[in-house]
Amino acid sequence: MQRIPITPRANWVEKVESLGLLFHTTDDGSPSGVPYWNEGAYYRFSEPQINEIERATNDLHEMCLEAVQRVIDQNRFAELGISAVAVPAILHSWDADVPSLYGRFDFAYDGTNPPKLLEFNADTPTALLEAAVIQWHWLQECFPAADQFNSIWEGLVEKWQALKAERVLRGTMIHFAHVEELEDLMTVAVMRDTAQEAGLTTHGIHMGEIGWDGKDRIFVDQHDRRMWTVFKLYPWEWMLKEDFGKHALATHQEVQWIEPVWKMILSNKAILALLWEMHPGHPNLLPAYLDGPREMTEYVRKPLLSREGANVTIATPAGTTESAGDYGSEGYVFQELFPLPNFAGNHPVIGSWVVDCEARGIGIRESDGLVTDNFSRFVPHLFD
(Lines give C-alpha, C1' and ligand atoms only; values in the text may rest on other atoms or scores of the structure.)
Protein backbone atom coordinates (compact mmCIF):
# COMPACT_ATOMS: atom_id res chain seq x y z
CA MET A 1 0.00 0.00 0.00
CA GLN A 2 1.49 3.29 -1.14
CA ARG A 3 0.37 6.91 -1.32
CA ILE A 4 1.74 8.36 -4.54
CA PRO A 5 1.64 12.12 -5.21
CA ILE A 6 0.74 13.17 -8.76
CA THR A 7 -0.24 16.33 -10.59
CA PRO A 8 -4.02 16.80 -10.75
CA ARG A 9 -5.68 17.10 -14.13
CA ALA A 10 -5.68 20.70 -15.28
CA ASN A 11 -9.47 20.78 -15.61
CA TRP A 12 -10.35 18.43 -12.78
CA VAL A 13 -13.02 20.76 -11.39
CA GLU A 14 -14.99 20.76 -14.63
CA LYS A 15 -14.60 17.00 -15.00
CA VAL A 16 -15.90 16.07 -11.54
CA GLU A 17 -18.68 18.65 -11.72
CA SER A 18 -19.85 17.14 -15.01
CA LEU A 19 -20.29 13.85 -13.13
CA GLY A 20 -22.27 15.44 -10.31
CA LEU A 21 -19.57 16.12 -7.70
CA LEU A 22 -20.46 19.74 -6.94
CA PHE A 23 -19.15 19.57 -3.35
CA HIS A 24 -15.55 18.99 -4.43
CA THR A 25 -14.12 21.77 -2.25
CA THR A 26 -14.46 22.20 1.51
CA ASP A 27 -14.91 25.65 2.99
CA ASP A 28 -12.21 25.98 5.64
CA GLY A 29 -12.40 29.77 5.87
CA SER A 30 -9.70 30.39 3.28
CA PRO A 31 -10.47 32.26 0.02
CA SER A 32 -10.26 29.17 -2.20
CA GLY A 33 -11.14 26.44 0.29
CA VAL A 34 -9.53 23.00 0.47
CA PRO A 35 -10.19 20.31 -2.15
CA TYR A 36 -12.37 17.55 -0.76
CA TRP A 37 -11.82 15.55 -3.93
CA ASN A 38 -8.03 15.26 -3.86
CA GLU A 39 -6.49 13.82 -6.99
CA GLY A 40 -3.10 15.27 -6.10
CA ALA A 41 -2.32 11.75 -4.90
CA TYR A 42 -3.64 8.23 -5.16
CA TYR A 43 -3.35 5.06 -3.12
CA ARG A 44 -1.85 2.01 -4.79
CA PHE A 45 -2.60 -1.51 -3.58
CA SER A 46 -1.49 -4.96 -4.59
CA GLU A 47 -4.07 -7.54 -5.56
CA PRO A 48 -3.48 -9.60 -2.36
CA GLN A 49 -4.14 -6.47 -0.28
CA ILE A 50 -7.43 -5.86 -2.09
CA ASN A 51 -8.34 -9.51 -1.56
CA GLU A 52 -7.65 -9.09 2.16
CA ILE A 53 -9.97 -6.07 2.40
CA GLU A 54 -12.66 -7.90 0.44
CA ARG A 55 -12.40 -10.98 2.65
CA ALA A 56 -12.56 -8.93 5.85
CA THR A 57 -15.60 -7.05 4.57
CA ASN A 58 -17.52 -10.19 3.71
CA ASP A 59 -16.61 -11.90 6.99
CA LEU A 60 -17.57 -8.88 9.09
CA HIS A 61 -20.86 -8.42 7.31
CA GLU A 62 -21.82 -12.01 8.10
CA MET A 63 -20.78 -11.45 11.72
CA CYS A 64 -22.90 -8.29 11.87
CA LEU A 65 -26.00 -10.17 10.75
CA GLU A 66 -25.34 -12.72 13.49
CA ALA A 67 -25.06 -9.84 15.95
CA VAL A 68 -28.48 -8.53 14.91
CA GLN A 69 -29.95 -11.95 15.67
CA ARG A 70 -28.24 -11.95 19.08
CA VAL A 71 -29.69 -8.55 19.97
CA ILE A 72 -33.13 -9.86 19.04
CA ASP A 73 -32.81 -13.24 20.75
CA GLN A 74 -31.42 -11.74 23.97
CA ASN A 75 -33.61 -8.61 23.90
CA ARG A 76 -30.63 -6.28 24.23
CA PHE A 77 -32.18 -3.24 22.59
CA ALA A 78 -31.84 -1.14 25.73
CA GLU A 79 -28.05 -1.50 25.64
CA LEU A 80 -28.12 0.21 22.26
CA GLY A 81 -30.45 2.94 23.49
CA ILE A 82 -33.21 1.71 21.16
CA SER A 83 -36.65 2.59 22.48
CA ALA A 84 -39.06 -0.23 23.19
CA VAL A 85 -41.61 1.41 20.89
CA ALA A 86 -39.36 0.65 17.91
CA VAL A 87 -38.85 -3.03 18.72
CA PRO A 88 -42.01 -4.45 17.08
CA ALA A 89 -41.15 -2.73 13.80
CA ILE A 90 -37.55 -3.92 14.03
CA LEU A 91 -38.67 -7.50 14.60
CA HIS A 92 -41.11 -7.36 11.70
CA SER A 93 -38.64 -5.82 9.25
CA TRP A 94 -36.03 -8.46 10.20
CA ASP A 95 -38.41 -11.42 9.98
CA ALA A 96 -40.06 -10.17 6.79
CA ASP A 97 -36.67 -9.60 5.13
CA VAL A 98 -37.55 -6.04 4.11
CA PRO A 99 -35.09 -5.04 1.34
CA SER A 100 -31.70 -3.78 2.46
CA LEU A 101 -29.28 -2.44 -0.11
CA TYR A 102 -25.96 -1.28 1.21
CA GLY A 103 -23.57 -0.22 3.95
CA ARG A 104 -19.98 0.92 4.43
CA PHE A 105 -17.39 -0.47 6.80
CA ASP A 106 -14.61 1.90 7.86
CA PHE A 107 -11.24 0.23 8.30
CA ALA A 108 -7.82 1.21 9.56
CA TYR A 109 -5.40 -0.55 7.21
CA ASP A 110 -1.74 -0.12 6.37
CA GLY A 111 -1.34 -2.86 3.78
CA THR A 112 0.61 -5.10 6.16
CA ASN A 113 -1.52 -5.80 9.22
CA PRO A 114 -5.13 -7.04 9.03
CA PRO A 115 -7.80 -4.37 8.46
CA LYS A 116 -9.30 -3.21 11.75
CA LEU A 117 -12.98 -2.27 11.94
CA LEU A 118 -13.53 1.28 13.19
CA GLU A 119 -17.28 1.47 12.58
CA PHE A 120 -20.09 0.32 10.30
CA ASN A 121 -22.18 2.95 8.50
CA ALA A 122 -25.19 0.71 7.94
CA ASP A 123 -28.14 3.09 7.62
CA THR A 124 -27.12 6.29 5.82
CA PRO A 125 -23.59 5.88 4.41
CA THR A 126 -22.31 8.71 2.22
CA ALA A 127 -19.28 9.26 -0.06
CA LEU A 128 -21.09 7.00 -2.53
CA LEU A 129 -20.81 9.25 -5.58
CA GLU A 130 -17.09 9.67 -5.02
CA ALA A 131 -16.47 5.95 -4.58
CA ALA A 132 -18.78 4.54 -7.24
CA VAL A 133 -18.46 7.13 -10.00
CA ILE A 134 -15.86 9.87 -9.65
CA GLN A 135 -12.80 7.76 -8.87
CA TRP A 136 -13.76 5.25 -11.58
CA HIS A 137 -13.77 7.95 -14.27
CA TRP A 138 -10.48 9.28 -12.87
CA LEU A 139 -8.98 5.80 -13.26
CA GLN A 140 -10.21 5.42 -16.84
CA GLU A 141 -8.63 8.72 -17.86
CA CYS A 142 -5.41 8.65 -15.85
CA PHE A 143 -4.54 4.94 -15.50
CA PRO A 144 -6.60 2.98 -18.02
CA ALA A 145 -4.34 -0.08 -17.79
CA ALA A 146 -4.75 -0.36 -14.01
CA ASP A 147 -7.63 -1.83 -12.03
CA GLN A 148 -9.76 -0.56 -9.16
CA PHE A 149 -11.76 -2.39 -6.51
CA ASN A 150 -15.03 -0.86 -7.57
CA SER A 151 -18.18 -2.56 -8.82
CA ILE A 152 -20.43 -0.54 -6.52
CA TRP A 153 -22.59 0.85 -9.31
CA GLU A 154 -23.03 -2.54 -10.93
CA GLY A 155 -23.90 -4.10 -7.59
CA LEU A 156 -26.64 -1.57 -6.94
CA VAL A 157 -28.15 -2.01 -10.40
CA GLU A 158 -28.11 -5.78 -9.97
CA LYS A 159 -29.81 -5.52 -6.57
CA TRP A 160 -32.55 -3.25 -7.91
CA GLN A 161 -33.03 -5.64 -10.85
CA ALA A 162 -33.37 -8.57 -8.46
CA LEU A 163 -35.91 -6.73 -6.31
CA LYS A 164 -37.90 -5.88 -9.44
CA ALA A 165 -37.77 -9.46 -10.73
CA GLU A 166 -38.80 -10.87 -7.37
CA ARG A 167 -41.71 -8.40 -7.16
CA VAL A 168 -40.93 -7.54 -3.55
CA LEU A 169 -41.10 -3.76 -3.94
CA ARG A 170 -44.46 -2.23 -3.11
CA GLY A 171 -46.24 0.19 -5.36
CA THR A 172 -45.30 1.24 -8.89
CA MET A 173 -42.89 4.01 -7.90
CA ILE A 174 -39.95 4.27 -5.50
CA HIS A 175 -39.64 7.57 -3.67
CA PHE A 176 -36.12 8.78 -2.90
CA ALA A 177 -36.06 11.12 0.10
CA HIS A 178 -33.31 13.31 1.53
CA VAL A 179 -32.73 16.57 3.37
CA GLU A 180 -31.90 19.75 1.47
CA GLU A 181 -28.13 19.24 1.53
CA LEU A 182 -26.10 19.05 -1.67
CA GLU A 183 -24.09 16.00 -0.61
CA ASP A 184 -27.23 14.12 0.37
CA LEU A 185 -28.92 15.08 -2.89
CA MET A 186 -26.04 13.70 -4.97
CA THR A 187 -25.79 10.53 -2.88
CA VAL A 188 -29.48 9.88 -3.42
CA ALA A 189 -29.04 10.71 -7.11
CA VAL A 190 -26.66 7.74 -7.42
CA MET A 191 -29.19 5.42 -5.79
CA ARG A 192 -31.97 6.80 -7.97
CA ASP A 193 -29.94 6.51 -11.20
CA THR A 194 -29.08 2.89 -10.47
CA ALA A 195 -32.74 2.12 -9.79
CA GLN A 196 -33.74 3.75 -13.06
CA GLU A 197 -31.06 1.79 -14.92
CA ALA A 198 -32.68 -1.32 -13.48
CA GLY A 199 -35.97 -0.27 -15.06
CA LEU A 200 -37.73 1.12 -11.98
CA THR A 201 -39.82 4.29 -11.81
CA THR A 202 -38.53 6.82 -9.27
CA HIS A 203 -39.46 10.15 -7.76
CA GLY A 204 -37.37 12.53 -5.66
CA ILE A 205 -38.67 14.28 -2.56
CA HIS A 206 -37.29 16.25 0.38
CA MET A 207 -37.94 14.76 3.78
CA GLY A 208 -39.86 17.87 4.75
CA GLU A 209 -42.22 17.38 1.80
CA ILE A 210 -43.42 13.97 2.93
CA GLY A 211 -47.00 14.33 4.09
CA TRP A 212 -49.16 12.31 6.44
CA ASP A 213 -52.82 11.73 5.64
CA GLY A 214 -54.27 11.15 9.09
CA LYS A 215 -57.66 10.10 7.75
CA ASP A 216 -56.39 7.25 5.57
CA ARG A 217 -53.22 6.79 7.67
CA ILE A 218 -50.89 6.87 4.69
CA PHE A 219 -47.79 8.80 3.67
CA VAL A 220 -48.17 10.99 0.59
CA ASP A 221 -45.71 12.88 -1.60
CA GLN A 222 -45.86 16.50 -2.71
CA HIS A 223 -48.39 15.51 -5.38
CA ASP A 224 -50.62 13.67 -2.88
CA ARG A 225 -49.64 10.26 -4.25
CA ARG A 226 -49.46 7.41 -1.78
CA MET A 227 -45.91 6.36 -0.90
CA TRP A 228 -45.36 2.61 -0.74
CA THR A 229 -41.58 2.15 -1.02
CA VAL A 230 -39.25 4.89 0.21
CA PHE A 231 -35.47 5.03 0.05
CA LYS A 232 -34.51 7.60 2.66
CA LEU A 233 -31.10 9.09 3.36
CA TYR A 234 -32.20 10.07 6.83
CA PRO A 235 -31.21 8.27 10.04
CA TRP A 236 -33.81 6.21 11.81
CA GLU A 237 -32.84 7.69 15.17
CA TRP A 238 -33.72 11.16 13.82
CA MET A 239 -37.01 9.91 12.41
CA LEU A 240 -38.07 8.40 15.72
CA LYS A 241 -37.63 11.69 17.52
CA GLU A 242 -40.29 13.25 15.29
CA ASP A 243 -44.03 12.69 14.86
CA PHE A 244 -43.08 11.48 11.40
CA GLY A 245 -41.28 8.53 12.98
CA LYS A 246 -44.28 7.56 15.08
CA HIS A 247 -46.34 7.24 11.92
CA ALA A 248 -43.56 5.26 10.24
CA LEU A 249 -43.58 2.75 13.10
CA ALA A 250 -47.37 2.56 13.12
CA THR A 251 -47.46 1.73 9.38
CA HIS A 252 -44.30 -0.36 9.18
CA GLN A 253 -46.15 -3.34 7.70
CA GLU A 254 -47.54 -1.24 4.83
CA VAL A 255 -44.64 1.05 3.87
CA GLN A 256 -41.23 -0.29 2.85
CA TRP A 257 -38.45 1.93 4.15
CA ILE A 258 -34.99 1.40 2.68
CA GLU A 259 -32.83 1.02 4.66
CA PRO A 260 -35.18 -0.96 6.95
CA VAL A 261 -35.61 -0.13 10.61
CA TRP A 262 -33.61 -3.17 11.77
CA LYS A 263 -30.54 -1.34 10.48
CA MET A 264 -30.82 0.75 13.67
CA ILE A 265 -28.97 -2.09 15.36
CA LEU A 266 -26.01 -2.06 13.00
CA SER A 267 -25.75 1.71 12.57
CA ASN A 268 -25.27 2.00 16.33
CA LYS A 269 -21.62 1.92 17.43
CA ALA A 270 -22.59 -0.39 20.28
CA ILE A 271 -22.33 -3.08 17.61
CA LEU A 272 -18.54 -2.80 18.01
CA ALA A 273 -18.79 -4.07 21.57
CA LEU A 274 -21.23 -6.81 20.64
CA LEU A 275 -18.95 -8.04 17.86
CA TRP A 276 -16.00 -8.17 20.27
CA GLU A 277 -18.14 -10.02 22.80
CA MET A 278 -19.04 -12.59 20.16
CA HIS A 279 -15.63 -12.85 18.52
CA PRO A 280 -12.93 -11.85 21.03
CA GLY A 281 -9.49 -11.73 19.48
CA HIS A 282 -10.78 -11.68 15.89
CA PRO A 283 -8.02 -10.22 13.67
CA ASN A 284 -10.35 -7.62 12.12
CA LEU A 285 -11.81 -6.39 15.40
CA LEU A 286 -10.54 -4.16 18.18
CA PRO A 287 -11.45 -4.62 21.86
CA ALA A 288 -14.59 -2.60 22.56
CA TYR A 289 -16.88 -2.27 25.58
CA LEU A 290 -20.00 -0.40 26.62
CA ASP A 291 -19.29 -0.16 30.35
CA GLY A 292 -15.99 1.73 30.20
CA PRO A 293 -12.43 1.25 28.98
CA ARG A 294 -11.73 -1.66 31.38
CA GLU A 295 -8.09 -2.71 31.00
CA MET A 296 -7.35 -0.39 28.07
CA THR A 297 -4.90 2.45 28.70
CA GLU A 298 -5.19 3.86 25.18
CA TYR A 299 -8.70 4.01 23.78
CA VAL A 300 -11.24 6.00 21.81
CA ARG A 301 -14.57 6.94 23.33
CA LYS A 302 -17.25 7.26 20.64
CA PRO A 303 -20.87 8.34 21.03
CA LEU A 304 -23.16 5.55 19.88
CA LEU A 305 -24.79 7.69 17.19
CA SER A 306 -22.24 10.38 16.32
CA ARG A 307 -21.38 11.41 12.76
CA GLU A 308 -18.34 12.87 11.01
CA GLY A 309 -16.07 12.34 14.00
CA ALA A 310 -18.13 14.47 16.40
CA ASN A 311 -17.55 14.18 20.18
CA VAL A 312 -14.82 11.56 19.81
CA THR A 313 -12.36 11.39 22.70
CA ILE A 314 -8.88 9.90 22.27
CA ALA A 315 -7.36 8.89 25.60
CA THR A 316 -3.70 7.97 26.13
CA PRO A 317 -1.39 8.09 29.16
CA ALA A 318 -0.20 11.44 27.82
CA GLY A 319 -3.68 12.98 28.01
CA THR A 320 -6.95 13.25 26.13
CA THR A 321 -8.26 15.12 23.12
CA GLU A 322 -11.91 15.53 22.18
CA SER A 323 -13.62 16.74 19.03
CA ALA A 324 -16.59 19.08 19.21
CA GLY A 325 -20.20 18.19 18.54
CA ASP A 326 -23.67 17.61 19.91
CA TYR A 327 -23.62 13.87 20.56
CA GLY A 328 -23.04 11.75 23.64
CA SER A 329 -26.32 11.78 25.57
CA GLU A 330 -27.15 8.44 23.96
CA GLY A 331 -24.13 6.76 25.56
CA TYR A 332 -20.67 5.69 24.42
CA VAL A 333 -18.62 2.77 23.25
CA PHE A 334 -14.98 2.47 24.32
CA GLN A 335 -12.73 1.01 21.62
CA GLU A 336 -9.02 0.29 21.75
CA LEU A 337 -6.98 3.01 20.08
CA PHE A 338 -5.54 1.85 16.79
CA PRO A 339 -3.60 4.72 15.19
CA LEU A 340 -4.32 5.24 11.53
CA PRO A 341 -1.38 4.75 9.17
CA ASN A 342 0.62 7.89 8.49
CA PHE A 343 1.59 8.74 4.93
CA ALA A 344 3.54 12.00 5.23
CA GLY A 345 0.95 13.44 7.61
CA ASN A 346 -2.05 11.95 5.82
CA HIS A 347 -4.11 9.40 7.76
CA PRO A 348 -6.36 7.25 5.52
CA VAL A 349 -9.52 5.36 6.42
CA ILE A 350 -10.67 2.66 4.02
CA GLY A 351 -14.41 2.77 3.38
CA SER A 352 -15.39 -0.70 2.17
CA TRP A 353 -18.80 -0.86 0.52
CA VAL A 354 -21.24 -3.74 0.90
CA VAL A 355 -24.05 -4.12 -1.63
CA ASP A 356 -26.55 -6.94 -1.18
CA CYS A 357 -24.35 -8.60 1.48
CA GLU A 358 -21.26 -8.61 -0.77
CA ALA A 359 -18.08 -6.49 -0.77
CA ARG A 360 -18.18 -4.31 -3.89
CA GLY A 361 -15.47 -1.69 -3.64
CA ILE A 362 -13.63 0.86 -1.54
CA GLY A 363 -13.26 4.60 -1.18
CA ILE A 364 -10.55 6.31 0.83
CA ARG A 365 -10.85 9.41 2.97
CA GLU A 366 -7.78 10.85 4.63
CA SER A 367 -7.37 13.43 7.35
CA ASP A 368 -4.58 15.38 9.04
CA GLY A 369 -5.30 13.78 12.42
CA LEU A 370 -6.54 10.50 13.86
CA VAL A 371 -10.23 11.50 13.71
CA THR A 372 -11.81 11.48 10.25
CA ASP A 373 -14.07 14.53 10.26
CA ASN A 374 -15.89 16.76 7.78
CA PHE A 375 -12.56 18.24 6.63
CA SER A 376 -11.30 14.89 5.40
CA ARG A 377 -10.30 14.42 1.77
CA PHE A 378 -11.38 11.74 -0.68
CA VAL A 379 -8.42 10.23 -2.54
CA PRO A 380 -8.77 7.76 -5.45
CA HIS A 381 -7.11 4.37 -5.55
CA LEU A 382 -5.98 1.64 -7.92
CA PHE A 383 -4.38 -1.79 -7.73
CA ASP A 384 -2.18 -3.86 -9.95
Side-chain angles (χ1 to χ4, degrees), residues 16 18-23 61 93 97-105 120-137 150-166 168-210 219 221-222 225 227-236 238-239 248 255-264 266-267 307 351-363 378:
V16 301
S18 71
L19 296 169
L21 189 65
L22 305 180
F23 50 96
H61 189 264
S93 67
D97 197 20
V98 175
S100 171
L101 295 179
Y102 71 153
R104 192 194 75 227
F105 289 104
F120 185 24
N121 301 276
D123 185 17
T124 58
T126 55
L128 178 60
L129 173 64
E130 304 91 292
V133 179
I134 307 302
Q135 68 170 345
W136 178 253
H137 283 267
N150 187 1
S151 61
I152 303 168
W153 183 280
E154 293 83 355
L156 289 169
V157 172
E158 290 169 11
K159 178 60 175 177
W160 288 121
Q161 288 173 334
L163 292 174
K164 181 183 179 183
E166 294 163 7
V168 297
L169 298 173
R170 296 179 181 170
T172 59
M173 174 186 296
I174 303 174
H175 287 80
F176 286 78
H178 57 89
V179 297
E180 297 185 53
E181 296 279 347
L182 180 59
E183 181 179 1
D184 288 12
L185 167 64
M186 300 315 300
T187 298
V188 169
V190 172
M191 300 301 295
R192 193 175 167 190
D193 286 349
T194 56
Q196 290 175 172
E197 187 172 320
L200 295 165
T201 301
T202 72
H203 180 74
I205 187 170
H206 293 145
M207 291 296 297
E209 294 177 315
I210 297 177
F219 287 102
D221 67 14
Q222 63 270 59
R225 295 175 297 196
M227 302 172 69
W228 290 95
T229 298
V230 187
F231 174 90
K232 50 91 192 162
L233 194 68
Y234 195 75
W236 272 104
W238 293 3
M239 287 176 60
V255 182
Q256 286 181 328
W257 296 96
I258 304 173
E259 294 294 296
V261 66
W262 67 259
K263 279 293 194 77
M264 285 187 73
L266 292 183
S267 64
R307 297 171 180 275
S352 187
W353 287 87
V354 175
V355 180
D356 194 20
C357 302
E358 182 181 353
R360 281 290 195 162
I362 62 173
F378 191 99

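No hydrogens, no waters, no symmetry mates; every other heavy atom, side chains included, goes into these values.
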Task: Smallest separation among heavy atoms of Ser93 and Val261, with atom names - done: OG-CG1, 3.3 Å
Task: Distance-minimising heavy-atom pair for Met239 and Ala248 - done: CE-CB, 4.0 Å
Open item on the list: A side-chain contact here means heavy atoms from C-beta on lying under 4.5 Å apart; do Glu197 and Trp153 qualify?
Closed with: yes
Task: Separation of Thr194 OG1 from Met191 CE (nearest 0.5 Å) - done: 5.0 Å
- [ ] Under the ring pair (Phe, Tyr, Trp, His ring centres under 6.0 Å) rule, collect the residues that match up with Phe176, sequence neighbours excluded.
- [x] Trp160, Phe231
- [ ] For His137, check ring pair (Phe, Tyr, Trp, His ring centres under 6.0 Å) against everything at least two apart and list the hits.
- [x] none
Open item on the list: When you compare the side chain of His178 with that of Lys232, does any pair of heavy atoms fall below 4.5 Å?
Closed with: no
Task: Whether Asn150 side chain and Gln135 backbone form a donor-acceptor pair below 3.5 Å - done: no
Open item on the list: Please check if the number of heavy atoms outside Glu181 that lie under 6.0 Å from its CD is greater than 12.
Closed with: no
Task: For the student: nearest non-hydrogen atoms of Leu169 and Pro99, plus distance - done: CD2-CG, 4.4 Å
TODO: Mind listing the closest non-hydrogen atom pair of Glu130 and Phe23 along with its distance?
DONE: OE2-CE1, 3.7 Å
Task: Rounded distance (nearest 0.5 Å) linking atom CG of Leu22 with atom CG of Leu185 - done: 8.5 Å
Open item on the list: Within the structure provided, determine whether Lys263 and Trp257 are in side-chain contact (heavy-atom separation under 4.5 Å).
Closed with: no
Open item on the list: In the structure I gave you, are the side-chain heavy atoms of Asp221 and His203 within less than 4.5 Å of one another anywhere?
Closed with: yes
Open item on the list: Minimum heavy-atom separation for Met173 and Arg225, please, with both atom names.
Closed with: CE-NH1, 3.6 Å
Task: Minimal non-hydrogen separation, Thr229 against Arg170, with atom names - done: OG1-O, 2.8 Å
- [ ] May I ask you to test the Pro125-Trp353 pair for a side-chain heavy-atom distance under 4.5 Å?
- [x] yes
TODO: Enter the distance from Leu233:CG to Leu128:CG here, rounded to the nearest 0.5 Å.
DONE: 9.5 Å
- [ ] Taking the side chain as every heavy atom from C-beta outward, state whether Val255 and Met227 have any atom pair closer than 4.5 Å.
- [x] no
- [ ] Please determine, by modelled atom types, if Ser151 and Arg360 share a side-chain donor-acceptor pair under 3.5 angstrom.
- [x] yes
Open item on the list: For a 4.5 angstrom cut-off between non-hydrogen side-chain atoms, does Val190 reach Met186?
Closed with: no
Open item on the list: Return the CZ to CG distance between Arg307 and Asn121, rounded to the nearest 0.5 Å.
Closed with: 8.0 Å
Open item on the list: With heavy-atom distances below 4.5 Å as the criterion, would you say the side chains of Phe219 and His175 are in contact?
Closed with: no
Open item on the list: Rounded to the nearest 0.5 Å, what separates atom CH2 in Trp262 from atom OG in Ser267?
Closed with: 10.0 Å
Open item on the list: Can you tell me how far apart CG (Leu200) and NZ (Lys164) are? Round to the nearest 0.5 Å.
Closed with: 6.0 Å
Open item on the list: Is it the case that the side chain of Glu259 and the backbone of Leu101 share a donor-acceptor pair, with hydrogens and angles ignored and the cut-off at 3.5 Å?
Closed with: yes
Open item on the list: Donor-acceptor pair, distance only, cut-off 3.5 Å: does the side chain of Thr187 make one with the backbone of Thr126?
Closed with: no
Open item on the list: Any side-chain to backbone donor/acceptor pair from Gln222 onto Glu209? Under 3.5 Å, distance only.
Closed with: no
